[in-house]
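Let me begin by presenting the structure, written as structure tokens, before commenting on it.
Here is how names work: the chains are called A, B, and so on, in the same order as the sequence lines, proteins then strands, and each is numbered from 1.
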There are 2 protein chains.
Amino acid sequence: MADIARIAGVSVATVSRALAGSPRVTGETRERIEAAVRDTGYVVNRMARSLRLQQARQVFVMVPNIGNPFHASVLLGAEEAAVAAGFHVLIGNTAGDPARAEEHARQLLTGAVDGMLLLGGRMPEPLKAPALQERLVAVIEPVAAPGVPVVEIDNQAGAREATRHLIGLGHRRIGHIGGSPGTTATPKRFAGYAEALEEAGIEPQPELVRYGVFSIATGAEQMAELLELPEPPTAMFCGSDEIAMGAIRTIKQARLRVPEDISVVGFDNIYFAAVTDPPLTTIDQPARQLGFEAMRLLADRLAGAAAPKRGVTVPYRLVVRASTAPPRR
Amino acid sequence: MADIARIAGVSVATVSRALAGSPRVTGETRERIEAAVRDTGYVVNRMARSLRLQQARQVFVMVPNIGNPFHASVLLGAEEAAVAAGFHVLIGNTAGDPARAEEHARQLLTGAVDGMLLLGGRMPEPLKAPALQERLVAVIEPVAAPGVPVVEIDNQAGAREATRHLIGLGHRRIGHIGGSPGTTATPKRFAGYAEALEEAGIEPQPELVRYGVFSIATGAEQMAELLELPEPPTAMFCGSDEIAMGAIRTIKQARLRVPEDISVVGFDNIYFAAVTDPPLTTIDQPARQLGFEAMRLLADRLAGAAAPKRGVTVPYRLVVRASTAPPRR
DNA sequence: CTGAAAGCGCTAACAG
DNA sequence: CTGTTAGCGCTTTCAG
């Protein structure tokens, strides 16, 4: 900046003001400065500026696994909102490792970013200080901190609707493969499933309910066990589309057909759900919108004290495709 | 840090040294300092440190689309290598927008990150300064800058092998749906396809070759046109797994079967390629390894002048699953 | 309208 | 082994 000042024949203070768009700089002076900037290819040093300003105009999104296409969509929505609010977005992958999450969390403590979006329900230890909580928003899963709002769908209602759809088709023997029991979504989805069964007067069968993680492998493995039951289910409500895809694979390998022999419902409606064979009936969780709303909420909170403290519930939607049908006989 | 110094009864210099693990601090003094750090929850200000050190120990990965599962895997590998080299990873999504890419590029100019991994073959304008090129590495696609090494597979050889596989099965009428013509991978894959045809003495049929982008939609649309040909192909070599998935969907909708009526080969071997129906025969592009090697190369370059200037070619692998078979009659 | 100078939090050279 | 101090690049108050 000193160079620019010298070239333009002014002081660094004037350069700084010109670059910040201050109205207190003459048109002619400003032009000389801008010309110098162009000629030298100068860019302001973000770190020095942030150090001085004590704010970064950057936000951070902490993701447990970028490989998850559902998370990726959330990110896309979050970015859109951040750009709209004039924030730069940085993404950090934790790979489920708390140490990595804490490492990332430091970006906030240190002032490198102004706020954080927490994806995946994990609350890094260093972020628990009450003063920091107004710089945080959780998406999809709430985090264990009272002051952090969450943007999510009503998981229980979604699961209930998915199960009702199966019941409406005439199924009575309905299985469930849930994801990680450690998440809050998993018990909520189970609750919705159980609720739908109960309101239809169907006796819950504990042996039809399994858990694992949100993966194709879990779906495949758990489904294999269900098929070995003396009386296998005629329909499955799966805790995620990946689980559903694994379940479908196992069902086909057993030479049974979807949906003729067994109907399958997923959850999330990821990009690939439309091209499975058969295309998957699922609960659409509007990932992009979730990310967008969450980032907007974060930007609002960072902007002013008058910011909303409460979370947002975004609507889900049952998408009926071809993986569900009335039971066989 | 001044606070810590006061509490521990030492100077800031000593605190700084203790935190940096300098051997020139007494055990007892160090303990007092560490206790103070623990008590106050103090963390060093990354920006101030970077400003002083003129380096950030951070690297940036520029991704055109995080929603792409293939890119996501590259990221995972890159992170692994970065963590091993003691770098912090920041990810930036460009959504294919050059303006966003330039915005991100500024992170390097400004010193917020020490180096950048460029995914997707785009070279942001501000990065073209020769001095910066030693801080850059491209992955998957080369960028238009001589000094920037690229880590990739041999796309042409991979495409040749995929096509040979089809020819070996007995196919002679083989179509190709390529991705974005703007990428360097697309013409290379076409070249490999053409080469395999030629060495088998098969006359190339221009009407069997189509282009679009790397998406399910492109695969579906272009395949629909190919099926309307008087004599449709008996096998397809697709420029990506997503394209292959789209093509398979169209084939099935036309009441034809894969692979009995038409064989399909993809490219990339994404996570979902194993669970399509039928599971996809494809060229495995080791995404994770590509990311890992690229980041390692970048770390090496940032570490010393003696760093390698040349790129790396990582081996691909033909994965034969169930979407290919000999032609019908 | 512009300039001088202080200071954001840190590290490292230099002194002791 | 520890302290003092200059300075990284920027913004902004206070003078002029």
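Every residue meeting the side chain to side chain contact (heavy atoms under 4.5 Å, CB included) condition with A:Glu293, not counting sequence neighbours, appears here in chain and number order: A:Val151, A:Gln289, A:Arg296, A:Val314. Under the salt bridge (Lys or Arg N to Asp or Glu O under 4.0 Å) criterion, B:Arg57 pairs with no residue, sequence neighbours left out. In this structure, the side chain to side chain contact (heavy atoms under 4.5 Å, CB included) partners of B:Ser215, at least two apart in sequence or on a different chain, are A:Tyr271, B:Val213, B:Ala217, B:Thr218. Taking the salt bridge (Lys or Arg N to Asp or Glu O under 4.0 Å) definition, one finds that A:Arg288 meets it with A:Glu80, sequence neighbours left out. Residues satisfying the side chain to side chain contact (heavy atoms under 4.5 Å, CB included) test with A:Ala82, not counting sequence neighbours, are A:Val59, A:Phe87, A:Val89, A:Met295.
Legend: salt bridge (charged side-chain N to carboxylate O under 4.0 Å, His left out) pairs involving residues 90-110 of chain B, not counting sequence neighbours, sorted by first then second residue: A:Glu79-B:Arg100. Counting only residues at least two apart or on different chains, no salt bridge (charged side-chain N to carboxylate O under 4.0 Å, His left out) pair has a member in residues 133-143 of chain A. Residue pairs meeting the ring-ring contact (aromatic ring centres under 6.0 Å, His included) criterion with at least one member in residues 57-85 of chain B, sequence neighbours excluded: B:Phe60-B:His104. The list of salt bridge (charged side-chain N to carboxylate O under 4.0 Å, His left out) pairs with a residue in residues 118-129 of chain B, not counting sequence neighbours, reads B:Glu125-B:Lys128.
A:Asn45 places its CG atom 17 Å from the P atom of C:dG9, with the value rounded to the nearest Å. Between the P atom of C:dG3 and the CE atom of A:Met1 lies a distance of 13 Å, rounded to the nearest Å.
Between the CD1 atom in A:Ile33 and the CZ atom in A:Arg38 there is a gap of 12.0 Å [rounded to 0.5 Å].
Of the residues in residues 11-21 of chain B, those with a non-hydrogen atom less than 4.0 angstrom from any atom of DNA chain D are B:Ser11, B:Ala13, B:Thr14, B:Arg17. Applying a 4.0 Å cut-off to non-hydrogen atoms, the residues of residues 46-59 of chain A that approach DNA chain D are A:Ala48, A:Arg49, A:Arg52, A:Leu53, listed by residue number.
In the 5' to 3' direction, nucleotides of DNA chain D lying under 4.0 Å from heavy atoms of chain A begin and end at D:dG9 to D:dT13.
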